[in-house]
Amino acid sequence: QSLTDFNTQVTTMRNDFMRNAPFEANCTPQRAKQIMNEYKEQVGIIRKKEEDMKAGLDIFAIDPPENKETAATVRNIEFLEMIWDMMDEWNANMDGWKYGSFQTMDVDSIEKVAGDILGNLAQLAVRRTRRGERFSSFELIQIQAMHLALLDSLNLAITAFLREDV
C-alpha cells in the first residue's frame, strides 16, 4: 500500500467516524459501545499498517508522517467511552428509581449519583487540562447534552413520582 493510499484510508476512516460515531444520545449505551469497539478495531488496523510501513520508510530515511487524524479519533473514542459509561450508570440507576414509589424514594441516593457523575465530568476536564488538551466546542456540546439528559431524566422521574397515587 502506498503512503498516499494509506493517508486516504486514514482520512476516510476519520470522516466516517465523525459522521457515524455515537456523539448523540440516539442509541443505547450498549450500541454506542459496540460502535466504538468497531472503530477501535479500525484504529488498530491503521496502527498496524503504520508499523509495517515504518520499516519501509526507514530504509529510505523518510520519517513517517504524523497521523493526527487517528490520534484525534483515539482521543474522541476515549472521551465517548467515558461519557457513555456515565450515561449507562445513570440509566441503570434511573431504572431502579423510576419503578419505586414516591414514599420510598431515596433523594440522597439520587443526589449522590447525580453529583458523582457530574464530578466525573469535572475530573475528565481536569485530566485533559493537565495533559495540555482542551475540549473542542464539539466535546463541550456533548458534555452539555449529557448534563441536560441527566437533568431531564431526573425531572421526568420526579414528575412520575409526584403523579403517583399515594
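- For the pair Asp88 (side chain) and Trp84 (backbone), a donor-acceptor distance under 3.5 Å is absent.
- Counting all heavy atoms, side chain and backbone alike, Met18 lies closest to Asn76 at SD-OD1, 4.0 Å.
- Residues Ala21 and Ile35 come closest through the heavy atom pair CA-CG2, 4.3 Å.
- In this structure, NZ in Lys40 is found 14.0 Å from CZ in Arg47, a value given to the nearest 0.5 Å.
- For Lys68, the salt bridge (charged side-chain N to carboxylate O under 4.0 Å, His left out) test picks out no residue, with sequence neighbours left out.
- Once rounded to the nearest 0.5 Å, the distance linking CG of Asp85 with CG of Asn120 reads 10.0 Å.
- Electrostatic pairing of Lys48 and Glu51 does not count as a salt bridge here, judged by no charged N lying under 4.0 Å from a carboxylate O.
- Within the 3.5 Å criterion, the main-chain N or O of Thr12 finds no donor-acceptor partner in the side chain of Asp16.
- Here the OG1-CZ distance, from Thr70 to Arg75, works out to 10.5 Å after rounding to the nearest 0.5 Å.
- Distance check, rounded to the nearest 0.5 Å: OG1 of Thr28 to CD of Gln34 gives 8.5 Å.
- To the nearest 0.5 Å, the span separating NZ on Lys112 from CD1 on Ile117 amounts to 10.0 Å.
- With contacts defined as side-chain heavy-atom distances shorter than 4.5 Å, the pair Glu38/Asn20 does not qualify.
- Shown here are the salt bridge (charged side-chain N to carboxylate O under 4.0 Å, His left out) partners of Glu78, two or more places apart in sequence or in another chain: there are none.
- When side chains are defined from C-beta on, Asp5 does not count as touching Gln9, because their heavy atoms never get closer than 4.5 Å.
- Separating the CG atom in Asp52 from the CZ atom in Phe6 is a distance of 9.5 Å, to the nearest 0.5 Å.
- Applying the salt bridge (charged side-chain N to carboxylate O under 4.0 Å, His left out) rule to Arg130 yields no partners; only residues at least two apart in sequence or on another chain are considered.
- Pairing each heavy atom of Met13 with each of Val43, the nearest pair is CE-CG2, 4.0 Å.
- The two residues Ile77 and Met36 come nearest to each other via the heavy atoms O-SD, 4.0 Å.
- Taking each heavy atom of Glu69 and Arg14 in turn, the nearest pair found is O-CD, 3.5 Å.
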